[in-house]
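Source: prediction; values computed, not measured.
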Amino acid sequence: MDHLLERLNPQQRDAVLTIDGPLLIIAGAGSGKTGVITTRIAYMLSRGIPPESILAMTFTNKAAGEMKERVKEILGEGAGKTASALTISTFHAFGLSVLRRYGRLLGYRPNFTVYDTGDQVALLKEAARELRIDPEELEVYNLLQLFSGIKTERITWQDERWYAMLNPSGKSSQDKSGEEPSRGAGSISTFQELYRSYQEHLITFNAVDFDDLIMQPLTLFREHPKVQGHYADLYRYVLVDEFQDTSTPQYNLLYQIAREWKNVCVVGDDDQSIYSWRGADYSNIERFEKDFLRVKEIKLERNYRSTGGILSAANAVISNNTNRKEKALWTQIDGGNLLELSFPDDDGAEASFIAEKIKLRAYQESLAYDSFGILIRTNSQARVIEEALLEADIPYRMSGGQSFFQRKEIKDIAGYLRIILNPDDDVSLLRTINTPRRGIGRRTVEALHEIADERKISLYSAITLAVHREVDHSIGKGPLGALEEYLELTARYQERFSESKHLAATTERLATEIDYWGYLVQEFQKSERAAKAKWKNIGFFIRSIDRYEQNPDVLEPTLQGYLNRISLQTRDELSPEEAAGKVNLMTIHAAKGLEFDVVFLAGVEEGIIPHQRAVEESEGNLEEERRLFYVAITRARQQLYMTSCRRRQVQGEMIEAVPSPFIEEIPAELMLKTLADPTAGVEMPEDPFAALKAHFGS
DNA sequence: CCCGGGCTGTCTCCC
DNA sequence: ACAGCCCGGG
């Protein structure tokens, strides 16, 4: 322990040693924050604080896993058990565990399902269909954002600025083909009705959405003080990382847990707050100072990551923001290379510039590919870059895009698992009822809906009624037989999953029994490769279930435990092994907390960063976009390349592009403006590794 | 009544 | 260019 403390600077050491009372750590980018947090936890344990009484909240599941690993490392041999007894999780995962334990007090049956965004969309469309509102006329994603705001009490129904965004001018008002639309989809009362229906359906389906994972535990704590007391009593030491990105309900949850012992340490950096669109509010820092009296504040301002030049550029950019805690990040690392800005002709040229440059530098400086990061503002920028990397034979990983678990083929199989666990989950039922095809089409599903809507029961119950002829219906003989088989299949696997404790093997059997492979072959007749790739993913999925079952940290592996876990994994987070030796391509959001020797920031153009929709939405968003730019810059250790295309392909069309206004906020003397060709004036051998190979004789 | 082949709008960021 | 949806054949 002592030697660890010696390695820290005075502020860091203070942060580690202050374990009692409220503590606010303002940790600038690259200030060694993660090390401080993990050392602090290890220090607490070394002082004899039981691991069960420590709660640490992180921002992503990956961060939680890594924190646990690092604490284990610090503690050394034989401390695995101690580390496992710590509670380290995201707010959402924590809320989920509370609901799993006490949800029945709120009326949840123990097998409830967690809906991700895709499920929410499906549910909303269902609700609309039932209210005879044309889903075509709804901007479902915007509407879900509105509902989220309502649920988390961030906005009220009176808040008019939201409606503007839900009524895109000139679109919904034009009726096609002169026919009356089924219902006006743009009025407040319609939205309210939809919201109510959305909520009712969640309850009927025994399902929760992400916001429920925070809001329901709060309700639980309010209505059952004993439960609140249990948690408040248990967690005598609480720590929150990325505090600037906590939302108000998350803060409230934290407060309910920490207010008793008040040993609460929050770590954050207001300059890196980049999630306000999902409710993050860094004014929680001020609330914290008011709610917990005599808060000790420690600022970590020494940066150990970046060269002086990069840091100066970052500082200059962020100083344009008003309303921030004054900070003076400094470094002892010298100025380093200038930042480089170039202007490729189009996004294709940008991509090949990046690929070439990586190849060249990897060769010239023997840099490993994983020391490069390519940052993008939107996922749509990824494709061209991926193509260039493939073309150049550069191994890479795109992270932060669609999660593995959100792929269609995975959601299909997971849909079966979900319906087996919770038959009332209509969203999963609709997904699986005719996938693979079993002859149940639109009409049959409509007939089932009629039965279900009338009685306010789930579709699964409706099927049961129909199959057992306990209700009048118009379903034909063929489809009815198919429905019966579907019922039998799910019932059979309900039994198998409860009997056999081997989840992975049972899932494999299920995939075989429904002949998912045959379905893939059928669906992808034109591309056997596509079918094979998807089947391979199913294999990965089954192995991931197996890993879950084998994981010693999971005390009692269950189908529900697994499904809950994956529903919180909304983005691909690669393990260190998977990422080794690969160039990292990701959005700026996904890059928060990471660092690379060489960083490429692609698309530094007006409309991309700052993003057009962000600035249109509200004036205040410009500062958040600037913080995003700041986060991007501060990911770089040695060198930062920025590219601003002259033209760019947007939705198939080539448009003229203009450099981002943020570029002008970087002092000119820190930046080198270059032409696009990276190889200009440098000789590249045919095989970049020929010289090395010759040298080492391999 | 179901299925496959053509057509259309689409993308900000994510627990 | 890609997923989700509409329409005519079986």
**Message:** Closest-nucleotide mapping onto DNA chain B: is A/V445 or A/L628 further toward the 5' terminus? I mean the 5' end.
**Reply:** A/V445

**Request:** Mind jotting down which residue pairs meet the side-chain hydrogen bond (donor to acceptor under 3.5 Å, both in side chains) criterion with at least one end in residues 605-614 of chain A? Sequence neighbours excluded, please.
**Result:** A/E605-A/R648, A/Q612-A/E616

**Asked** In dot-bracket, 5' to 3', how would DNA chain C read with Watson-Crick or G-U wobble pairs under 3.5 Å, [ ] for crossing ones and | for pairs to another strand?
**Response** .|||||||||

**Message:** When you measure from the side-chain N and O atoms of A/R613 to the phosphate of B/dC13, is any distance below 4.0 Å, counting only OP1 and OP2?
**Reply:** no

**Request:** Looking at every strand, decide which applies to A/R443 at a 4.0 Å heavy-atom threshold: base, sugar-phosphate, or nothing.
**Result:** sugar-phosphate

**Message:** Applying ring-ring contact (aromatic ring centres under 6.0 Å, His included), can you list everything that pairs with A/F243, at least two apart in sequence or on another chain?
**Reply:** A/F288

**Asked** A/R278 CZ to B/dC13 P: how many Å, rounded?
**Response** 13 Å

**Asked** Does A/Y198 have any ring-ring contact (aromatic ring centres under 6.0 Å, His included) partners at least two apart in sequence or in another chain, and if so, which?
**Response** A/F147

**DNA chain B: 5'-proximal contact among A/R377 and A/R437 (nearest heavy atom)** = A/R437

**Message:** Below the 4.0 Å mark, does C/dC5 have OP1 or OP2 next to a side-chain nitrogen or oxygen of A/K125?
**Reply:** yes

**ring-ring contact (aromatic ring centres under 6.0 Å, His included) against A/Y108, all qualifying residues, sequence neighbours excluded** = A/F112

**Item:** side-chain hydrogen bond (donor to acceptor under 3.5 Å, both in side chains) partners for A/S660, two or more places apart
**Value:** none

**Message:** Just to be sure I understand the rule, does A/S380 reach a base, reach only the sugar-phosphate, or reach nothing, if contact means heavy atoms closer than 4.0 Å?
**Reply:** base

